[in-house]
Trainee: 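This structure is in structure tokens; I'll ask about it shortly.
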Amino acid sequence: MSLYEKIKDKIYVHLEEAANLARVKGQLAYDELPPFVLEEPRERQLGDLATNLAMILTKQCRKAPRDIANIILENMELTDTWIAKGEIAGPGFINFHLDSSWLTGVIPEVLLLEDKYGSVDIGKGQKLQVEFVSANPTGLLHMGNARGAALGDSLAAILTMAGYDVSREFYINDAGNQIHNFALSLEARYLQQLGHDVPFPEAGYHGEDLIKTVRMIIEKDGDKYISMEEELRRESLVRQALEEKLQDIKSTLEDFGIFYDEWFSEQTLHDSGYVRDTTSELEKKGYIYEKEGALWLKSTLLGDEKDEVLIRSNGVPTYFAADIAYHRHKFHRGFHKVINIWGADHHGHVARMKGSMQALGYNPDSLQIILMQLVRLIQGGEVVKMSKRSGQYITLRELMDEVGKDAARFYFILRDPDSPVEFDLDLAKSQSADNPVYYVQYAHARLCSILRQATEQGYDTHINPDKKQLSLLSSAEERELLKKIADLPGEIATSAKMAEPHRLARYVLDLAALFHSFYNSQRVLIEDNDLRIARLGLVKSTKQVLANILGILGVSAPERM
RNA sequence: GCGCUCGUAGCUCAGCUGGAUAGAGCGUCUGACUACGAAUCAGAAGGCCAGGGGUUCGAAUCCCUUCGAGCGUACCA
């Protein structure tokens, strides 16, 4: 637990005790103390911490909030809390001003913990899986996948910081209908490239990349598949194409800074009989019935709008059947918690997926699905409809080439997944120097520069400021910066609990702003020995925190730029 | 039709487990480089938080409703 959290906890407890004491004395009448908030007030001048306790008690106590606040304050023990002053403000907030010395304790903490600073242990080592991107291997990665990639990877990193044993997983949809379509498309392209006039399947994949794939096969094997029996030909083409596509997806994601622990093949679930086994498990539990030759899941019993087909009348399991098996398999592997990142177009799938887990005896709350709104691409002022079938989309590779990995990842991670993103390519390109990511990176480079200069001027940067020196950090800018740094563990905890990486992107922007502000108002490399050492400690701490968060967000922290 | 998500500054977005005067970036306007990096800083202007009702000490936030946008509603995935 960080210093800041310890202080907060202590004050919280003292508030509870004060209210209780007032009740015993007959000054306040309430049955049960409701949960209240102790947090930083919006306006910093108002104090370091504020609570709404008095206002929450108005109903039960039938007193004006300010009167209640007065009573609580009178009964509150202030020693050993770092509280310098408590006062009542506004509609009935109790604001606390802390003794200025508590804050500086964060510097030794950061310098000691280094890249571990910010870690919290809410996960307690539990096994947790984040599955994200899981794009169909029938084409290239597009903007929507890019968003999911940035989101999932950062979330995984945050959860790791929060004490979970995290595994990143990519589910490969290498079975089913779309693979059949893929085969037909490949076959058509193959024959066309070899001069045969064959029609392209209507529901096929029109992407240009498919032609490239086919050409590579031709280069390697020539026309040897023409004479082959149809089924065998398609299978051979698909096998090679899938491998090539997957390799491409993998290397693109690696260039985007994303490395998976597990690439899980859907086909293996069919081959091993796990899909069938899962279906019969559901049958045993009474969730299956037959109608018109197909096997249906009674998903209406599980909170769904209508029942769903699991096994088609032709005997082929649906995508849904495989997906249930897949998620059952995840829990079977021992994950306490499973998080999926899906595009919002799959939202109808959420309730029945959770319901299915419940039917299989798992806690549906252990499966958390984060829906992200799709990315709308704007080019030349117009919306570009993206679709793999039509072959019209901007790929992740192109995005990285044009906007850069850091800017692209930061752009996506800055936004709430629930918020639809309009990605104006022209704007992103033309304004790339104004992208907020550079603001943060510049702060890091600046910090590095100060440390370089310090060394050049003969100052020792391997410092460990003592209490007396740290107490010199008393300007408003220094204190704001220190507070922000002290906030990090709490920020990590909240981001992890709520599964919201964009909070950290906002945090790091705030941190950079506070540093720039400090930098412009006070010099670090000054003659005063004690103050210089204290400020160098602040500089080193800020740099460390920036680097820690940029690492989580998958953005590089340059020493120069 | 029904269901899910969204609607906040000119633009792109935060804030939504109810709290004090609704924030940031871009753009616009004023200032600051003979000081550790001006990719920066200090300041100004800009809002019926889509509209209407309700809940309460208090609503951008919760509930109802209207309007608008996106998505879903296949023996597709």
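Throughout, protein chains are lettered first and strands after them, A, B, ... in sequence-line order, and every chain is numbered starting at 1.
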Trainee: Could you say whether A/E500 or A/Q522 is positioned toward the 5' end of RNA chain B, judged by the nucleotide with the nearest heavy atom to each?
Mentor: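 Between the two, 5'-proximity favours A/E500.
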
Trainee: Does A/R446 put a side-chain nitrogen or oxygen below 4.0 Å from OP1 or OP2 of B/rA38?
Mentor: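 Yes.
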
Trainee: Looking across every strand, which nucleic acid part, if any, lies under 4.0 Å from A/D345 by heavy atom: base, sugar-phosphate, or nothing?
Mentor: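 Result for A/D345 = sugar-phosphate.
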
Trainee: For RNA chain B, whose closest nucleotide is more 5', that of A/I94 or that of A/S419?
Mentor: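 The residue whose closest nucleotide sits nearer the 5' end is A/S419.
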
Trainee: Mind calculating the distance between CD (A/E305) and P (B/rC71) to the nearest angstrom?
Mentor: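 Taking atom P of B/rC71 as the reference, CD of A/E305 is at 17 Å.
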
Trainee: Within the structure shown, what part of the strands sits under 4.0 Å from A/H346 by heavy-atom distance: base, sugar-phosphate, or nothing?
Mentor: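 Touches a base.
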
Trainee: Determine yes or no for a side-chain-to-main-chain donor-acceptor pair under 3.5 angstrom, with A/R415 supplying the side chain and A/Y411 the backbone.
Mentor: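 Looks like yes, one N/O pair under 3.5 Å.
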
Trainee: Can you tell me the pairing partner of B/rG18 across any strand shown, Watson-Crick or G-U wobble, with both distances under 3.5 angstrom?
Mentor: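 By the stated definition (distances under 3.5 Å), nothing pairs with B/rG18.
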
Trainee: Using a heavy-atom cut-off of 4.0 Å across all strands, would you classify A/Y519 as base, sugar-phosphate, or nothing?
Mentor: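 It contacts base atoms.
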
Trainee: Mind checking A/H347 for me? I need base, sugar-phosphate or nothing, with any heavy atom below 4.0 Å counting as a touch.
Mentor: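 Base contact.
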
Trainee: Any base atoms under 4.0 Å from A/A443, or only sugar-phosphate, or nothing? Heavy atoms, all strands.
Mentor: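 If one applies the 4.0 Å heavy-atom cut-off, A/A443 turns out to touch nothing in the nucleic acid.
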
Trainee: Base, sugar-phosphate or nothing for A/I56? Non-hydrogen atoms, less than 4.0 Å.
Mentor: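 Result for A/I56 = base.
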
Trainee: Please check the phosphate of B/rC4 (OP1 and OP2 only) for any side-chain N or O of A/H349 closer than 4.0 Å.
Mentor: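 Answer no for this pair, as no side-chain N or O of A/H349 is under 4.0 Å from OP1 or OP2.
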
